[in-house]
Amino acid sequence: MRQSHLFLPIRREPPKDETFANAQLLLRAGFADKLMAGVFSIFPAGLGVVRNIEGIVRDELQKTGAVELAMPSLQQPKIWEETGRWKTLPPEMFQFKDRADHPIGLAMTHEEVVFDIVRRNIQSFRDLPLKLYQFQTKFRDEPRPKSGLMRGREFLMKDLYSFHATREDLEEYYEEVSQAYDRIFKRCGLKAVRVEAPGGIFTKNPSHEFQVVAEGGEDEIALCKNCDFAKNAELLEKGIKKCPQCSATIVRHISSEVGNIFRFYDKYAKDMNGYVMGPQGENLPIFLASYGIGISRLMATIVEVFHDERGIMWPESVAPFLVHIVQLGDGEVVKKEAQKIYAALQEAGLEVLYDDREKSAGEKFMEADLVGIPWRVVVSAKTVAQGKVEVKKRSEDKAELMTIEELVKRLKK
RNA sequence: CGGGAUGUGGUGUAAUGGUAGCACGCGGCCUUCGGGAGGCCGUAGCCUGGGUUCGAAUCCCAGCAUCCCGACCA
């Protein structure tokens, strides 16, 4: 991608209203734009990150046997009334009327819809287990959207729902997804810990959330300095300072909830009359569990964790591009060489952003640091004279001169 | 929903109740070209509506918007 073609509007200064690193940097670097409180556009580079995160999530969920589908955001009260949530969800659920004066709700989650789909489309325990997920925009009329992209009224979410013939099968899959989540967050470069969640309005069964220590987060977790003890600080007994497992010091950290998983067991089967035929011809309740990952919040969390005073430092796994070619000067020789390298890297199957714009060197370097692509390759009169390019990692200070062949080799691994 | 703060060109900011200014950006021309380059010319603004006043960006009221703290939070 030539930078002159990419819509990457970079701002010199952070928007005055944004105080959180994720919002300041994503808006400054041209990854996102705010329309109103808690509602953001994702620009091309940001969408590249989103797609990469989705790719990781998709990959790991497919390994568990889950399949992707797409469900509607517009929903009618009928199914929501079966669980009573049409009345209990507002004001957080957006509800309005269509032109025929029929009430409509904007989906903030999909348990009802997905359960309805499944109960109408399977008849036998042989059709179970079934694992369905989607990536979708969710709508929640939050009392206070805040912290940049961390808590929005409209946001991207991956929601997975699993259906089982038995409680044991559900438990087993619940743990399997939990491990998939561990791998997902790890692949995104994050250290997530699974903790028990404080009770929500949707289930009384213990649910779990995945928390990442990050400055812009809205939660607080207590971590043991020594062992793997981790707990949501809300659930920590007051005044506790020593780890219950090893009596080492407990430290509280601001954290971001990037995922959560819930077991509903047969609640939905009962509420929504969802049964299948069992092996003895009996009626078996369909057991349900659900699993969410806030994709846009995950992106924001990654920025909170991976940035310095100069800008973002994307982990390679989610970076919108792997390499940033920075062409200095617009002399014909340099231009030709930069284009040659651009072509060579693309040929090698690498994601490349080529800064072909006519700007001063200093400005290009500042912007490259802000945008945060993992590898920077400088092409200038100097490098051309030596028959090499200058290669530098965003996360390191030292630069290295190498040939194009060496560069490709380095990036390929 | 309670509390606090703030609304001035595209962005960031100034202006005792008395001519809206600066920087960056953007457009043009020229010189530059390895860490936000320089010169010249140009471009663009007081959140909305009331009120006070000879006169309001400035004071008052209402509304709208954004942010922060809290409450809330699949």
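All chains are named by letter (A, B, ...) in the order of the sequence lines, taking the proteins before the strands, and each is independently numbered beginning at 1.
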Next on the checklist: Using whole Å, what does the distance between atom P of nucleotide U66(B) and atom CG of L27(A) come to?
Outcome noted: 14 Å

Checklist entry - Whom does G49(B) pair with, Watson-Crick or G-U wobble, provided both distances fall under 3.5 Å? => result C61(B)

Next on the checklist: At 4.0 Å (heavy atoms only), tell me whether M36(A) reaches a base, stays on the sugar-phosphate, or touches nothing.
Outcome noted: sugar-phosphate

Item to check | Identified pairing partner of U66(B), criterion: Watson-Crick or G-U wobble below 3.5 Å | outcome: A5(B)

Next on the checklist: Would you measure the distance from the P atom in C64(B) across to the matching atom in C73(B) and give it in whole Å?
Outcome noted: 26 Å

Item to check | Whole-angstrom distance between G51(B) and U19(B), as gauged at atom C1' | outcome: 25 Å

Next on the checklist: Just the rounded figure in Å: distance from P of G12(B) to CD of Q24(A).
Outcome noted: 11 Å

Next on the checklist: Both P15(A) and R297(A) contact RNA chain B. Taking the nearest nucleotide for each, which residue is further toward the 5' end?
Outcome noted: P15(A)

Item to check | Earlier contact from the 5' end, RNA chain B, for E18(A) and E234(A) | outcome: E18(A)

Item to check | Proximity to the side chain of K16(A) - top-ranked nucleotide from C67(B), U13(B), C73(B) | outcome: U13(B)

Checklist entry - Across all strands, who's sitting opposite G25(B) as a Watson-Crick or G-U wobble pair, both distances under 3.5 Å? => result U43(B)

Checklist entry - What about Y161(A) and H110(A), are their ring centers closer than 6.0 Å? => result no

Next on the checklist: Using a heavy-atom cut-off of 4.0 Å across all strands, would you classify Y291(A) as base, sugar-phosphate, or nothing?
Outcome noted: nothing

Checklist entry - Please walk me through it: do D17(A) and K34(A) pass salt bridge (charged side-chain N to carboxylate O under 4.0 Å, His left out)? => result CA-CA 11 Å; D17(A) 284 335; K34(A) 185 169 69 188; 5.3 Å; no

Checklist entry - Reckon K364(A) touches a base, only the sugar-phosphate, or nothing at all at heavy-atom distances under 4.0 Å? => result nothing

Next on the checklist: Below the 4.0 Å mark, does C68(B) have OP1 or OP2 next to a side-chain nitrogen or oxygen of R144(A)?
Outcome noted: yes

Checklist entry - If you check every side-chain atom of D17(A), which of C73(B), C68(B), C67(B) has the closest atom? => result C67(B)

Checklist entry - Does R153(A) offer a backbone N or O that forms a donor-acceptor pair with the side chain of E142(A) under 3.5 Å? => result no

Checklist outcome for this item: The reported gap from CG in D98(A) to CD in Q76(A) (rounded to nearest 0.5 angstrom) is 11.0 Å

Checklist entry - If you measure from the Lys or Arg side-chain nitrogens to the Asp or Glu carboxylate oxygens, is any gap between E363(A) and R12(A) under 4.0 Å? => result yes

Checklist entry - When the ring centroid of F210(A) is compared with that of Y181(A), is the distance short of 6.0 Å? => result yes

Checklist entry - Nucleotide by nucleotide, 5' to 3', does protein get under 4.0 Å of the base (B), only the sugar-phosphate (S), or neither (-) in nucleotides 26-45 of chain B, counting heavy atoms? => result -------BBBBS--------

